[in-house]
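First up is the structure itself, then whatever we jot down about it.
Just the heavy atoms: all of them, side chains too, but no hydrogens, waters or symmetry mates, feed the values below.
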Amino acid sequence: MSRIKPARLRQIVFGFYMSGMMSLLMSAVITFINTGIDNQFFYRWLPAFLVAWAVAFPLVTFLAPIAVKLTEMTLGRPPKDSPRTPVN
């Protein structure tokens, strides 16, 4: 059986998907703004995406619990019977 607790595994998987989606979209937008779209766009965008994801995944995994705590400090802790979000 896995030694990783289900809550921690959920946080890691959430970070994987969230960082991937954000890196994909943000690197595409920034590459488009800086260079436009032409037949070489994919070849400029792909390395930017891979670098962005390599940086974003550990950052999201590390920062998500901090963001949850800051949200709770700002808005208060949700009631026990409320549905949970993927990161808390």
Same apolar cluster (I L V M F W Y, side chains within < 4.5 Å links), [X]/[Y]:
| X | Y | value |
| --- | --- | --- |
| V29 | L24 | yes |
| L59 | W53 | no |
| I12 | M21 | yes |
| L63 | M18 | no |
| F41 | F49 | yes |

Mind checking the [atom1]-[atom2] spacing from [X] to [Y]? Nearest 0.5 Å is all I need.
| X | Y | atom1 | atom2 | value |
| --- | --- | --- | --- | --- |
| L9 | F14 | CG | CZ | 14.0 Å |
| K69 | T74 | NZ | OG1 | 14.0 Å |
| L25 | I30 | CG | CD1 | 11.5 Å |
| I37 | R44 | CD1 | CZ | 9.0 Å |
| I66 | T71 | CD1 | OG1 | 11.5 Å |

Looking only at heavy atoms, which two atoms of [X] and [Y] are closest? And how far apart?
| X | Y | answer |
| --- | --- | --- |
| S23 | A56 | OG-CB, 3.4 Å |
| T61 | P65 | O-CD, 3.5 Å |
| S19 | V60 | CB-CG2, 3.9 Å |

Could you work out, with ring pair (Phe, Tyr, Trp, His ring centres under 6.0 Å) as the rule, every residue matching F32, not counting sequence neighbours? none

Take the angle between the ring planes of F16 and F57 and call it parallel below 30°, perpendicular above 60°, tilted in between. perpendicular

Please verify the inter-ring angle class for W45 with F42; under 30° counts as parallel, over 60° as perpendicular, anything in between as tilted. tilted

